[in-house]
Amino acid sequence: MKANIFILNIFAIAMLFVGCANDDTADVNIDLGDGGSNVDPSDLVIGGTLTEDLTLVTGTEYSLTSALIVPEGFTLTVEPGVVVRAATGSDVYIAVLQGGMINAEGTSSNPIVFTSATATPNPGDWGGLIILGRAPINSVVGGDATSTSEIGGLPYGGSVVDDNSGILRYVRIEYSGGAADAASENNGFSFYAIGNGTTIEYIQAFEGADDGVEFFGGTVDAAFISVVGAQDDSVDWTEGFTGTLTNVYIEHRQTHDKGIEGDGFNTDIGNNSNPVFWSAPRVTNLTINGIGSSNQNEAIRLRAGTRAVFTNVSLQGFAEGFDLDDTETGNGVLDGETSVTDITFEDITLNLKNDTGATFGEADVISGIGNGTGADYNSWNSGWTRN
């Protein structure tokens with residue numbers, strides 16, 4: 001069913017918007033406006049909470065004027081070529097709740113674009129895309145226990161490894177990262193406990209004020225990821241993320257933080273420093289281009305006990321290639337659970353910095369120096385990404 005009308009309904013999910021009691025970031029409440037008023041489809045304005053499935057139609061531009069919420073049992077379908085222009089504000093974003101679905105399938109020549117509505121857009125103009133699933137996280141223990149998201153206080157997590165939140169393919173998010181306060185900012189793509197039944201391929205975060213793509217636990221496998229111009233970390237993981245990342249291209253601009261920041265547990269929550277399982281993704285075909293070793297940045301920082309296996313990596317233009325912090329992160333190296341195979345360093349002052357307290361050297365982590373070719377970005381970026 002293609003529905004271009006839905007009703008703003010503040011009561012349908014009122015119980016979901018609860019505070020993050022253990023988080024050190026501020027709670028953010030969503031203003032859904034005057035619940036019960038119909039949206040006129042002729043205005044092409046979207047926002048509020050779906051009470052029926054919604055399809056955004058090819059060749060159409062829509063205005064996102066408030067948070068658009070997709071509750072359990074409903075589907076947001078976005079056809080190729082749709083452009084959604086978001087009003088300014090950290091409370092303007094799209095959130096797909098547990099049990100909700102998003103099917104956003106663009107093409108390489110006709111991508112789906114979520115961007116700023118302002119005439120002269122800037123990073124941080126609006127929120128971004130948030131998807132919340134029922135896959136495992138390590139910040140809570142037992143069955144279907146959930147945590148709550150930084151933005152919106154939305155529940156996520158559970159025990160459904162193959163949870164399915166839908167499809168993202170050829171989707172670009174621009175100028176996201178609106179800040180609710182000094183501690184709470186939206187990412188371009190925020191994936192909370194997404195299961196490996198979800199398809200994530202060909203996504204780009206462009207010129208965001210916070211992280212480009214962040215994984216809060218979950219098991220999803222994502223491929224063909226482009227992050228250009230993120231001002232904070234380009235790719236983040238935390239809370240026991242155990243999926244795979246394949247073909248990842250990161251390009252920094254004048255202001256940025258790490259290319260990748262990987263945490264074994266959520267250091268913002270800080271309540272699970274000895275979890276049942278750690279983050280342990282596998283990253284294959286990775287390129288991170290910085291802005292020069294003189295800028296004192298790190299390409300990849302691994303901390304808080306994360307494990308990670310990297311294969312075929314190209315790093316360019318950083319003071320440090322890998323910075324490993326914390327005792328448990330070091331234990332991951334000693335246990336053979338963290339490694340780098342086939343890598344090329346260019347304009348990197350220090351390949352590996354060991355701040356874990358564990359005794360190991362570069363050769364214990366890294367092999368095949370000079371053999372990395374990276375993501376081969378030019379073979380898959382044509383037509384749908386921005387530079």
ask   = Quick check: does any side chain N or O of T246 sit under 3.5 Å from a backbone N or O of T284, one acting as donor and the other as acceptor?
value = no
message = Less than 4.0 angstrom from a charged side-chain N to a carboxylate O is my criterion; do R301 and E320 meet it?
response = no
query = Relative to the ring of F318, is the ring of H252 parallel (under 30°), tilted (30 to 60°) or perpendicular (over 60°)?
reply = perpendicular
R386 atom CZ, neighbour heavy-atom count above 12 within 6.0 Å = yes
Exam field: side chain D210 to backbone D232, donor-acceptor pair closer than 3.5 Å = no
message = What I'd like to find out is whether the side chain of I69 reaches to under 4.5 Å of the side chain of L97, using heavy atoms alone.
response = yes
ask   = Should V84 and L68 be marked as a side chain to side chain contact (heavy atoms under 4.5 Å, CB included) after you check the CA-CA gap, both sets of side-chain angles, and the distance that decides it?
value = CA-CA 12 Å; V84 176; L68 174 60; over 6 Å; no
request  = Over all heavy atoms of both residues, which pair between D364 and V333 is shortest? Give the atoms and the distance, please.
outcome  = O-CG1, 4.4 Å
request  = Tell me, with the steps shown, if N285 and N247 meet side-chain hydrogen bond (donor to acceptor under 3.5 Å, both in side chains).
outcome  = CA-CA 5 Å; N285 304 338; N247 295 312; 3.0 Å; yes
message = Do L54 and L64 land in one hydrophobic cluster if side-chain heavy atoms of ILVMFWY residues count as linked below 4.5 Å?
response = yes
inquiry  = Side chains of V248 and V213, heavy atoms from C-beta outward: is any pair under 4.5 Å?
reply    = no
query = Do F265 and N274 come within less than 4.5 Å of each other through their side chains, counting heavy atoms only?
reply = no
query = Is there a side chain to side chain contact (heavy atoms under 4.5 Å, CB included) between F114 and I94 once you walk through the steps?
reply = CA-CA 10 Å; F114 299 92; I94 297 173; 3.4 Å; yes
ask   = Between S139 and N266, does any side-chain donor sit less than 3.5 Å from a side-chain acceptor?
value = no
ask   = Got I102 and L129 here, is their nearest side-chain heavy-atom distance under 4.5 Å?
value = yes
query = Would you call R85 and E174 a salt bridge, taking side-chain N to carboxylate O under 4.0 Å as the test?
reply = no
request  = Applying side chain to side chain contact (heavy atoms under 4.5 Å, CB included), run through Y62 and V57 and close with a yes or a no.
outcome  = CA-CA 9 Å; Y62 296 85; V57 181; 3.7 Å; yes
task = With rounding to the nearest 0.5 Å, note down the distance linking CG in D342 to OG in S367.
result = 6.5 Å
key: Backbone of D355 reached by a side-chain donor or acceptor of D325 within 3.5 Å   = no
task = Would you check if F277 and P136 make a side-chain contact, meaning some heavy-atom pair closer than 4.5 Å?
result = yes
request  = Decide yes or no for L56 and L76: does some side-chain heavy atom of the first lie under 4.5 Å from some side-chain heavy atom of the second?
outcome  = yes
key: Shortest non-hydrogen contact from A230 toward G212   = CB-N, 4.2 Å
ask   = For the atom pair CD (E214) and CD (E239), what is the distance rounded to the nearest 0.5 Å?
value = 9.0 Å
task = Indicate if I250 and I291 have the same hydrophobic cluster label, given that clusters are the connected sets of ILVMFWY residues with side-chain heavy-atom separations under 4.5 angstrom.
result = no
inquiry  = Assigning hydrophobic clusters by single linkage (Ile, Leu, Val, Met, Phe, Trp, Tyr; side-chain heavy-atom cutoff under 4.5 Å), is Y170 placed with I167?
reply    = no
query = Would a 4.5 Å heavy-atom cut-off, applied to side chains only, mark K258 and V235 as touching?
reply = no
note = From the list N187, V227, N186, D257, side chain to side chain contact (heavy atoms under 4.5 Å, CB included) with D211 holds only for N187
task = Verify whether one side chain among N103 and T77 offers a donor that lies under 3.5 Å from an acceptor in the other.
result = no
note = Partner of R303 under side-chain hydrogen bond (donor to acceptor under 3.5 Å, both in side chains), picked from D326, T238, D263, T329, is D263
request  = Please round to the nearest 0.5 Å and tell me the distance separating atom CG of N312 and atom OG1 of T344.
outcome  = 8.0 Å
remark   = Scanning both residues in full, the closest heavy-atom pair of V92 with A86 reads CG1-CB, 4.0 Å
message = Can you give me the closest heavy-atom contact between F241 and G217, atom names plus distance?
response = CD1-O, 3.5 Å
message = I need the minimum non-hydrogen distance between S279 and G240, along with the two atoms involved.
response = OG-N, 3.0 Å
query = So among T146, V160, D163, which one has a side chain to side chain contact (heavy atoms under 4.5 Å, CB included) with Q98?
reply = T146
request  = Please state whether the rings of Y202 and F224 are parallel, tilted or perpendicular, taking 30° and 60° as the class boundaries.
outcome  = parallel
task = Please check if I112 and V96 belong to a single hydrophobic cluster, counting links between Ile, Leu, Val, Met, Phe, Trp and Tyr side chain heavy atoms closer than 4.5 Å.
result = yes
task = Identify the residue among I288, D233, D323, L324 that makes a side chain to side chain contact (heavy atoms under 4.5 Å, CB included) with I300.
result = I288
key: For F322, the option from V340, L350, N354, I260 that meets side chain to side chain contact (heavy atoms under 4.5 Å, CB included)   = V340
Polar side-chain atom of N122 near backbone of T120 as donor-acceptor pair, under 3.5 Å = yes
query = Only one of Y156, W237, F191, Y192 forms a ring-ring contact (aromatic ring centres under 6.0 Å, His included) with F215, so which one is it?
reply = F191
task = Please round to the nearest 0.5 Å and tell me the distance separating atom CD of E79 and atom OG1 of T55.
result = 6.0 Å
inquiry  = For L154, is there any backbone N or O sitting under 3.5 Å from a side-chain donor or acceptor partner on S149?
reply    = yes
inquiry  = Quiz question: by atom type and distance under 3.5 Å, do the side chains of T65 and S63 form a donor-acceptor pair?
reply    = no
inquiry  = Is it the case that the side chain of T287 and the backbone of G374 share a donor-acceptor pair, with hydrogens and angles ignored and the cut-off at 3.5 Å?
reply    = no
ask   = So, T385 versus Q204: side-chain donor-acceptor pair below 3.5 Å or not?
value = no
ask   = With distance as the sole test, does T311 use its side chain to make a donor-acceptor pair with the main-chain N or O of T341 at under 3.5 Å?
value = no
remark   = Nearest heavy-atom contact between A358 and G330 is CB-CA, 4.1 Å
key: V70 with I46, same ILVMFWY side-chain cluster at under 4.5 Å   = yes
inquiry  = If you apply the rule side chain to side chain contact (heavy atoms under 4.5 Å, CB included), what do you find for F310 with I366, and how did you get there?
reply    = CA-CA 9 Å; F310 295 87; I366 301 172; over 6 Å; no
query = If we only count heavy atoms from C-beta on, is the I225 to F189 side-chain gap below 4.5 Å?
reply = no
note = Interatomic distance, OG@S108 vs CZ@R169, rounded to 0.5 Å, equals 11.5 Å
ask   = How long is the gap from CG on N378 to CG on D376, to the nearest 0.5 Å?
value = 7.0 Å
